Protein chains: 2
Amino acid sequence: MNRTAGHVPRPTRDRILDAAERLFAEHGFADTSLRMITAEAGANLAAVNYYFQSKDILIQEVFARRLGPLNEKRLQMLDACEREAGDGPLPLAGVLRAFVDPPIRMTLSDPEVGASAGRLLGRMYMQPGGLFDQVFQAQFGRIKQRFMAAMRRALPEVAEEEMLWRIHFMIGSLAHTLAGREHLAFLSDGRCGVTDADTLIARLVTFLEAGLRAPAAHRGGTACE
Amino acid sequence: MNRTAGHVPRPTRDRILDAAERLFAEHGFADTSLRMITAEAGANLAAVNYYFQSKDILIQEVFARRLGPLNEKRLQMLDACEREAGDGPLPLAGVLRAFVDPPIRMTLSDPEVGASAGRLLGRMYMQPGGLFDQVFQAQFGRIKQRFMAAMRRALPEVAEEEMLWRIHFMIGSLAHTLAGREHLAFLSDGRCGVTDADTLIARLVTFLEAGLRAPAAHRGGTACE
DNA sequence: GTCTATATGGGGATAGAC
DNA sequence: GTCTATCCCCATATAGAC
């Protein structure tokens with residue numbers, strides 16, 4: 001059918017990365033031992049230290065493998081959006097879609113790997129310091145620069161500081177969407193499952209666009225409206 | 001000046017809870033050892049097993065100490081809001097303020113304990129399963145029930161499933177606001193510090209209200225708007 | 001490249017003196 | 001209530017045979 005009839009077994013290094021990704025997502029980094037990883041990967045304990053030099057480096061590799069292509073896709077979509085806009089106004093919805101579409105689509109594409117990668121991203125968002133600052137700076141430096149500029153252009157009427165806070169809120173919504181599957185189940189008593197990526201992206205973009213465009217707060221008192 | 005001239009030293013049990021809260025927030029649960037906690041608390045290692053029976057129970061106590069009063073305050077504010085509304089329409093901004101005001105004010109009141117408690121809440125939001133499900137169900141059961149009903153009453157025009165997703169987005173924004181101080185610093189290159197609680201609450205409520213009230217998505221294609 | 005065996009350290013928990 | 005000393009387990013990492 002394809003080239004070599006049967007399926008080619010995944011090399012040990014990849015199996016370790018796959019298992020690590022899944023287990024890190026499920027149990028966290030400290031609570032996942034190399035023994036658990038190698039057991040699930042069907043590899044030997046010593047193989048981890050052979051392919052990667054340490055657990056820390058393994059963690060970094062797990063992230064780099066997903067975040068590289070993911071952010072590449074984001075930039076491609078933003079490029080397309082800016083190209084299409086030309087000198088005219090930059091449509092906010094397009095910028096937002098470029099930002100949230102790739103990660104959401106990734107987490108929903110393969111139900112298995114998607115759930116893991118999503119929760120893993122959420123975990124890193126919520127766990128700054130130490131190891132993760134390096135990953136963060138390396139992977140999100142360009143993303144930050146490009147999207148901040150695009151947002152300013154798409155929303156010139158929002159003041160600088162207000163804009164930063166709103167982007168902050170936005171990232172929170174996205175992170176929770178990617179990582180908080182269980183919370184939605186709890187919230188909805190299981191009634192609210194996962195629909196398709198298009199619907200979810202549309203829902204999130206609609207919510208975010210309205211929030212980002214809101215007229216500035218009037219600084220009301222503590223009373224009930 | 002007050003009653004007993006000097007300061008009364010905090011009892012050992014409280015010092016352990018304080019240290020645990022701070023260290024759990026900074027390093028996570030698995031990465032914080034009882035030895036680190038007792039060292040910071042100026043207590044003996046065995047004291048943890050004397051006052052609490054295990055590390056797990058200590059973790060639960062750390063949460064219960066903050067979440068109890070916090071959610072009590074939320075319900076009080078929601079009560080006041082509903083009382084004020086009477087039979088008339090329930091103002092969405094008031095409901096939102098009852099939800100986000102107590103946690104934000106708590107995290108900003110005491111800069112030290114506030115930052116810890118905030119990050120801790122964020123950590124739990126992002127780390128479901130096991131221990132945390134119990135805490136979740138116990139602490140947030142009533143909150144969920146009351147606020148879901150209030151939201152439906154304040155926003156009858158939003159369809160049920162859409163509402164659930166939007167509340168999901170909202171919780172993400174709040175969690176990130178409480179826990180993601182470093183991310184805002186990274187995002188703004190340090191330009192965006194913490195203002196006062198009133199301003200932040202007003203900003204968040206404005207953002208959320210607009211997002212929640214947005215007309216339902218029209219399910220646009222992948223193109224740039 | 002893959003294995004076994006082990007070195008080394010740190011963790012949670014507890015017994016029992018004071 | 002608070003301490004010291006210790007038990008027992010599991011982690012990461014490495015050495016060295018195959």
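Reminder, nothing fancy here: chain letters follow the sequence lines and each chain counts from 1. Please read these numbers as outputs of a predicted model, since none were measured by experiment.
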Student: What I want to find out is whether A/Lys73 reaches A/Asp101 closely enough, with some N-O distance under 4.0 Å, to be called a salt bridge.
Tutor: no

Student: What is the distance, to the nearest angstrom, from the CZ atom on B/Phe52 to the C1' atom on D/dT2?
Tutor: 15 Å

Student: Specify the residue among A/Leu45 and A/Tyr50 whose closest nucleotide of DNA chain C lies further upstream toward the 5′ end.
Tutor: A/Tyr50

Student: Write down the distance between CG (A/Leu34) and P (C/dG9), rounded to a whole number of angstrom.
Tutor: 18 Å

Student: With a 4.0 Å cut-off on heavy atoms, is A/Thr32 in touch with a base, just the backbone sugar-phosphate, or nothing at all?
Tutor: sugar-phosphate

Student: For the side chain of A/His176 and the backbone of B/Ser173, is there at least one donor-acceptor N/O pair under 3.5 Å apart?
Tutor: no

Student: Are any of B/Ser33's side-chain N or O atoms less than 4.0 Å away from OP1 or OP2 of C/dG11?
Tutor: yes

Student: Figure out the CG/P separation between A/Asn49 and C/dG1, and round it to whole Å.
Tutor: 16 Å

Student: Do B/Arg35 side-chain and C/dG12 base share a donor-acceptor contact under 3.5 Å?
Tutor: yes

Student: Whole angstrom is fine here: how far is it from CD1 in B/Ile57 over to C1' in C/dG12?
Tutor: 13 Å

Student: Under the salt bridge (charged side-chain N to carboxylate O under 4.0 Å, His left out) test against B/Glu40, which residue among B/Arg35, B/Arg15, B/Arg22 passes?
Tutor: B/Arg22

Student: Does D/dT4 have OP1 or OP2 under 4.0 Å away from a side-chain N or O of B/Asn44?
Tutor: yes

Student: What is the distance, to the nearest angstrom, from the CG atom on A/Leu58 to the P atom on D/dA11?
Tutor: 15 Å

Student: Looking at residues at least two apart in the chain, or sitting in another chain, which of them share a salt bridge (Lys or Arg N to Asp or Glu O under 4.0 Å) with B/Arg191?
Tutor: A/Glu160, B/Asp189

Student: Whole angstrom is fine here: how far is it from NZ in B/Lys55 over to C1' in C/dG10?
Tutor: 12 Å

Student: Check each of A/Trp165, A/Phe140, A/Phe169, A/Phe136 against B/His183 using the ring pair (Phe, Tyr, Trp, His ring centres under 6.0 Å) test, and report the only one that passes.
Tutor: A/Phe136

Student: Without decimals, in angstroms, what is the distance between A/Asp31 CG and C/dG11 P?
Tutor: 14 Å

Student: Look at all strands and tell whether A/Tyr51 reaches a base, only sugar-phosphate, or nothing, counting heavy atoms closer than 4.0 Å.
Tutor: sugar-phosphate

Student: CD1 of B/Ile16 versus P of C/dA13: gap in Å, rounded?
Tutor: 13 Å

Student: Report which part of the nucleic acid B/Ala46 touches: base, sugar-phosphate, or nothing (heavy-atom distance under 4.0 Å, all strands).
Tutor: base

Student: Just to confirm, is there a sub-4.0 Å distance from OP1 or OP2 of D/dT2 to any side-chain nitrogen or oxygen of B/Thr12?
Tutor: yes

